[in-house]
Structures are given as C-alpha cells and as structure tokens.
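First up is the structure itself, then whatever we jot down about it.
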Amino acid sequence: MPIITYREALRHAMDEEMARDGKVILLGEEVAQYQGAYKVSQGLWEKYGSKRVIDTPITEEGFTGAAIGAAMAGLRPIVEWMTFNFSLQAIDQVINNAAKYRYMSGGQIKTPIVFRGPNGPAEYLASQHSQALQSFYAHCPGLVVLAPATPYDAKGLLKSAIRDDNPVVFLEGEMMYAWKGEVPEEEYLVPIGKADIKRPGKDVSLIVHSKPLKAAQDAAAELAKAGIDAEIVDLRSLRPLDEKAIYDSVKKTGRCVVIDESWPVASIGSWVAWLVSKNCFDYLDAPVELVSSEDVPMPYNHRLELAVQPSAPKIIEAVKKVMYLG
Amino acid sequence: MVKDHDLKKYSPEFLKKLLKDMIQIRRFEEKSAQMYGLQKIGGFCHLYIGQEAVAVGAINSLDLAKDHVVTAYRDHGHILACGSSPDAVMAELYGKATGCSKGKGGSMHLFDVEKHFWGGNGIVGAHIPIATGIALKIKYLEEKGVVLCFFGDGAIHQGAFHESLNLAKIWNLPVIYICENNQYGMGTFYHRVSSVKDFAVMGSAYNIPGKTIDGMDVLEVYEEVSSAARLAREGNPVFLEIKTYRYKGHSMSDPAKYRTKEELEDYKRQDPILILKSMLEQAELITEEEYKQMDAEAKEMSARSVKFAEESPEPTINQLYEDIYA
C-alpha cells in the first residue's frame with residue numbers, strides 16, 4: 001500500500017471529490033495561486049481553475065458566510081481556514097448560521113459545507129497561533145466535528161465530510177501535515193461517528209483524538225516494556241461521538257485516561273471523562289484521569305510550550321495513577 | 001407628497017396589487033401587535049408598519065422562480081411580500097407546529113425556501129454574507145437570478161456588510177444590497193453613529209454604484225430596484241439606500257421615546273399606502289369603495305390567520321430533537 005503524507009491524503013480527498021461532483025468548490029486565503037499556506041491544495045487550482053478553487057481576501061467572516069450561503073443554495077463548498085485561530089473571526093457565521101439555519105427554518109434548509117484547516121498547537125507560534133479550539137465547535141449542536149490523526153483517516157473522513165449534507169468542522173494539524181501513513185489507492189470512505197481502536201490492549205484505555213495520538217502511541221510502546229497493555233481509542237469524530245466504542249473499551253480495561261490537547265475546562269476531554277465516569281462507574285477500578293494542555297495561553301518559548309501540552313511522559317504518569325503504580 | 005409617476009406604464013391590476021400587498025402587511029402587523037399585547041406572541045417582535053413600500057416595491061420587481069430574498073429580523077413584511085401564507089406566518093409567531101418554521105424560528109426566523117425566501121436572521125448583519133453566497137451559487141451555476149439582501153441602517157457598520165460588498169464586486173455577483181434606512185438603529189439616530197449621513201456613498205469604497213431612494217413611494221422603489229436588478233443580473237452588484245420610517249418602536253418592548261411625536265406625525269403624512277392610494281384615486285384607477293373592500297379583505301385575512309394560529313397544535317416535545325441534522 002502506498003505511503004503518503006497527511007497533507008497529500010487531504011489533497012487526494014479533495015481532488016477525488018471535486019472530480020466526482022462539480023458542485024464541490026474550494027475557497028479560502030491562498031488556496032489557489034499560492035497553492036495553499038500549508039500546500040494542502042497544491043495543484044488543485046491548475047486542475048480545476050479559478051472558478052472552483054477560489055482565492056479570497058483576508059475576510060474570514062465574509063467568505064465563510066458566503067460559502068455557507070452558497071451551500072444553502074445548492075453548492076458543496078470546502079472552506080479552508082488558514083488556521084483555526086482565524087476561524088474565530090468567522091465563528092458567528094458557523095455557530096449562528098451554519099449550525100442553526102436548518103433548525104430555525106423547521107428543516108427547510110440543509111448546509112453541506114466543510115470548514116477545514118490546521119487546529120491545535122504548532123511550534124514557536126505563541127498564544128494567538130497555537131491553540132486547540134475543538135471544544136468551541138463540538139459544543140454546538142447542528143455541527144459535525146471531525147479530528148482525524150492519520151493519513152488514512154484524514155482522506156476517508158474528508159471524503160465523507162464533503163459528501164455529508166451537514167456543516168462539518170474538520171480539524172487538521174500543522175504538525176501532522178508531514179506525518180506519513182498507508183493509504184490505499186482504491187477509493188474508500190471512513191464513516192462519520194466511528195472511533196477506531198488504534199492499538200488493542202487490556203489494561204488501560206487511552207481515549208485520544210488528533211495530534212496527541214502520537215504521544216499516546218509512544219506512551220503505549222513505553223508502557224508495553226513495563227508489561228502494561230494499553231488500548232488506544234482514537235475518537236476521530238467528536239460530534240457525533242462514538243460513545244459505544246469508548247464504553248466498550250473502558251468496560252474491558254476498567255481504567256481510563258483521556259487525552260486532549262485543548263484546555264481542560266469544558267473541553268471534549270473533560271466531557272468524555274465525565275461520560276466515562278458516569279456510564280462506566282461500575283466497571284472502573286480507578287477514577288478517570290484527564291491529560292489536557294495546561295490551563296494557560298501558549299507561550300513562545302519552546303521548553304515552555306512543550307511543557308504546556310500532553311506528552312508521552314504525562315500520559316504514562318496518568319496511566320500509573322489509574323493503575324495505582326508508584 | 002405625491003410624486004409625478006406615469007401610471008400609464010403599469011397595468012391597473014399591478015398597481016392595485018402593490019396597494020393590496022402593502023395594506024395586507026399593515027393589517028397583519030397591527031394584528032401581530034394586538035396578539036403580542038394579549039401575550040399570544042412572545043419574545044422579540046419587530047413590526048414593519050411604515051416600511052411596507054420597501055419590501056413590496058422591491059420584491060414585486062423580482063421573479064421569485066429564479067430570484068431570491070434574504071432579510072434580517074424585521075421580516076414579517078418581506079415573507080408576506082414573497083407570497084407566503086399569512087396563516088403559516090401568524091402560526092409561526094404563535095410558535096405553533098403549523099408555522100412556516102414549525103414553531104422553532106419565531107418572529108425573527110421566518111422561512112419559505114420554496115418561495116426563495118431565506119429568512120429571517122436575528123444577528124445584525126450576519127445574513128449579508130449569506131445573501132452574497134446565494135449570489136455566488138447563481139453565478140457558479142450560470143443561472144439568471146438575482147438576490148435582494150435587505151438590512152437596516154444598524155447593520156451597515158458591521159464588518160459583514162463591508163466584507164460582503166468587496167466579495168460581491170471581486171466575484172461579479174448578482175446581488176442588490178438594500179439598506180432600509182429607517183433612521184434608528186434600535187434607539188440610536190443614525191447620524192450619531194455613522195461617519196457619513198448619506199449611506200449611498202458607502203458602495204463607492206468597493207466600486208459599487210449606490211443610490212438613495214424614497215422608501216415611502218412604492219413606485220419609486222419598484223422602478224429603482226427593477227433597474228438595479230437589470231445591472232445585477234449582468235454581474236454588477238448594486239447598493240441601494242432606501243429611506244423609510246418605522247411607526248412603531250424597534251421591537252414591541254420599545255416605547256420609542258428617543259423621537260418626537262411631531263416627527264412621527266410628519267412621517268405618517270407621507271404614509272406609503274396613502275401616497276399610492278391618492279395616486280390611484282387621482283388617476284381614477286380605484287374608487288373609495290374598492291379601497292375599503294381591499295382593506296376589509298386584509299383585515300379578514302389577518303383575523304383568519306389568528307384563528308388558524310389559535311386552532312393549530314403546539315409542536316410535540318419530540319420535535320425538539322428534529323431538524324438539527326440533515
């Protein structure tokens with residue numbers, strides 16, 4: 001099976017869906033002639049032209065809202081936000097319009113649109129350019145929120161997102177764009193709302209999504225050396241959330257560490273930890289642990305910014321807590 | 001007061017339709033106010049009384065088989081001018097299951113997508129990018145339609161307005177932005193919060209032609225929006241400031257103490273319904289008897305809509321969970 005990057009996987013997904021459906025368009029800052037700020041859309045402008053791959057001015061509210069209007073009227077736009085940090089300029093359009101039009105029109109409107117771009121901490125970018133904002137979107141009914149962590153999932157989920165009739169917030173990661181993985185040449189879709197067991201195990205469940213998957217995998221490898229068999233549940237879809245997959249794993253292992261690179265207050269991580277505590281209470285041998293980012297804005301200094309985020313040592317420490325080791 | 005229009009350009013039926021449309025909105029709104037007073041209607045309720053000529057003149061210049069209308073929260077007049085059922089609109093104000101938005105939208109979120117009426121939006125200016133996007137879809141699919149985007153003088157300083165005008169111009173979109181300048185953004189006279197008193201110039205920053213129109217004269221509105229639509233259909237967006245006046249407060253809870261009784265009385269002498277009525281009388285196109293008959297029918301229509309709303313069922317609790325996702 002070919003090995004490609006996460007970036008290429010996303011590009012292939014958009015390319016295939018644009019070839020399949022003439023109503024799919026891509027718009028955002030620098031997506032066309034510049035080939036994408038992170039080169040995700042490289043080559044698409046040459047292939048599909050300025051009518052379908054559209055450079056916008058730096059006006060997130062305006063072009064996001066216009067894409068929502070176009071989706072309501074019948075197109076299937078993909079909006080690229082250069083980063084999710086800038087999506088806050090457009091969040092009114094997403095929360096008040098995209099997520100609400102169907103409901104407040106009594107079901108008359110559907111909004112098939114994808115909002116995608118890099119989310120979460122990168123490196124040396126400081127507070128405004130390095131934050132994980134999934135909780136903002138996952139909080140809101142009416143949105144689908146996806147967070148793939150491998151090239152395979154990125155491609156399959158993006159294709160599903162483009163075909164979905166709902167507004168989909170699709171979280172990528174600057175640090176993940178160069179990650180590599182096996183992606184089949186033949187067409188496939190990854191279903192929305194299904195978690196994936198990235199590593200089966202019997203001793204402890206690590207519930208994770210997006211970039212911290214790698215830290216969880218590193219932690220699991222380290223734990224295996226100590227004879228601890230961790231199961232990694234990659235959520236992939238934050239809304240809808242695959243609660244069954246989470247509970248099945250925790251009921252098997254009896255111990256749970258939730259990992260989320262967002263801040264801990266009112267986050268996906270804290271929500272999942274509460275769900276597990278409530279719904280797996282009788283199966284748990286220890287209180288659920290949450291490994292989140294520190295509750296601080298991101299500093300510029302590299303040593304400090306690494307200290308903010310979830311890491312393999314922090315996950316291992318949490319696993320030891322739920323196993324009452326040391 | 002009465003402008004010099006050549007009424008021979010129009011069929012008597014068309015002129016009477018304009019009059020009838022305005023009277024129906026006026027009587028419907030009076031009924032809404034009455035039912036609000038009786039606490040049959042709750043929440044925010046923004047009446048259109050005084051502004052009828054804007055929606056009626058503008059929307060009558062359209063062909064709603066291919067054209068589209070988007071507006072803000074003062075939307076009762078626009079949906080009625082689009083030909084939607086007064087019963088479904090009143091039922092929506094009542095929050096009933098038979099309402100045009102199944103009782104989930106209320107006064108600010110009236111929708112009739114089949115008639116190309118896209119709401120209804122409660123966030124000031126947030127629908128302006130949406131209208132821009134509907135125009136993008138028309139352009140992309142090479143259709144013939146045009147979008148009318150109505151908003152108030154309170155919305156014109158929002159970034160959404162300025163971002164949208166820029167996008168519409170760089171993408172050559174078939175859209176007409178109509179600022180219904182009723183002169184008060186809630187309780188604030190527009191001169192107090194605007195760097196320009198003549199909004200028509202605001203299009204020029206985006207190389208979009210702008211014009212100020214008398215919104216108390218339905219024929220002037222009709223003529224000007226018709227010519228704007230001819231331009232817009234060719235991909236030239238247009239901006240119109242239509243000067244108007246609301247007789248009631250911003251919403252039902254506003255006693256409108258920020259303006260004088262004399263000012264209100266002065267505008268009532270330029271009432272859009274009286275202007276057209278006297279033009280038609282002078283041209284001997286309508287008799288007092290016919291006018292009274294028209295008015296009686298409008299009152300009857302409003303009373304019927306109340307009866308329909310009263311007798312309609314409440315939505316079921318289960319409907320809470322419907323219409324969130326497609």
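So you know, we letter chains A, B, ... as the sequences are listed, proteins then strands, and number each from 1.
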Select one option (side chain, backbone, both, neither) describing which atoms of B:W171 are under 4.5 Å from chain A's heavy atoms.
-> side chain

Roughly how far apart are B:L148 CG and B:L240 CG, rounded to 0.5 Å?
-> 9.0 Å

Please determine, among A:P141, A:S105, A:A67, the option with the most heavy-atom pairs under 4.5 Å with chain B.
-> A:S105

Answer with side chain, backbone, both or neither: which region of B:I123 has an atom nearer than 4.5 Å to a non-hydrogen atom of chain A?
-> side chain

First locate atom CZ of A:R236, then atom NE2 of A:H209, and finally report the distance between them rounded to the nearest 0.5 Å.
-> 14.0 Å

Tell me, side chain or backbone of B:E92 under 4.5 Å from chain A's heavy atoms, or both, or neither?
-> neither

Can you measure from CZ (A:R76) to CD1 (A:I25) and round to the nearest 0.5 angstrom?
-> 12.0 Å

Options A:G107, A:G142, A:G74, A:P167, ranked by heavy-atom pairs under 4.5 Å with chain B, top entry = A:G142

Among A:N166, A:D165, A:I109, residue most engaged with chain B (heavy-atom pairs, under 4.5 Å) = A:N166

Classify the angle between the aromatic ring planes of B:H46 and B:Y73 as parallel (below 30°), tilted (30 to 60°) or perpendicular (above 60°).
-> tilted

Honestly, the part of A:D92 sitting under 4.5 Å from a heavy atom of chain B is side chain

Side chain from CB out, backbone as N, CA, C, O: work out which of these in B:I170 comes under 4.5 Å of a heavy atom of chain A, or both, or neither.
-> side chain

CD1-CG distance between B:I208 and B:L165, expressed to the nearest 0.5 angstrom = 4.0 Å

Contacting moiety of B:L320, where chain A heavy atoms sit under 4.5 Å = both

Tell me yes or no: between the side chains of A:Q108 and B:E114, is some donor less than 3.5 Å from an acceptor?
-> no

Hey, could you give me the CG/CE distance between A:L26 and A:M18, rounded to the nearest 0.5 Å?
-> 6.0 Å

Between B:V147, B:L173, B:L141, B:N121, which has the largest tally of heavy atom pairs under 4.5 Å with chain A?
-> B:N121

Among residues 54-62 of chain A, which residues come closer than 4.5 Å to chain B, judged by heavy atom distances?
-> A:I54, A:D55, A:T56, A:P57, A:T59, A:E60, A:E61, A:G62

Using a cut-off of under 4.5 Å on heavy-atom pairs, state which of B:S164, B:G103, B:G133 scores highest against chain A.
-> B:G133

With a 4.5 Å cut-off on heavy-atom pairs, point out which of B:T132, B:N166, B:I324 contacts chain A the most.
-> B:I324

Chain A contacts, top residue of B:H68, B:M108, B:K104 (heavy-atom pairs, under 4.5 Å) | B:K104

Using a cut-off of 6.0 Å, state whether more than 12 heavy atoms not belonging to A:Y188 lie near its atom OH.
-> yes

Between A:M72, A:K23, A:K100, which shows the greatest number of heavy-atom pairs under 4.5 Å with chain B?
-> A:M72

Heavy-atom distances under 4.5 Å only: say whether B:L167 touches chain A with side chain, backbone, both or neither.
-> side chain

Would a distance-only check, ignoring hydrogens and angles, find a side-chain to backbone donor-acceptor pair under 3.5 Å from B:D67 to B:V146?
-> yes

Under 3.5 Å, is there a donor-acceptor pair between the A:Y34 and A:S41 side chains?
-> no

Do side-chain atoms of A:R52 reach the backbone of A:V24 as a donor and acceptor pair under 3.5 angstrom?
-> yes

Indicate the ring-plane relationship of A:F84 and A:W81, choosing parallel, tilted or perpendicular according to the 30° and 60° boundaries.
-> perpendicular

When rounded to the nearest 0.5 angstrom, what distance separates CG in A:L143 from CG in A:L238?
-> 11.5 Å

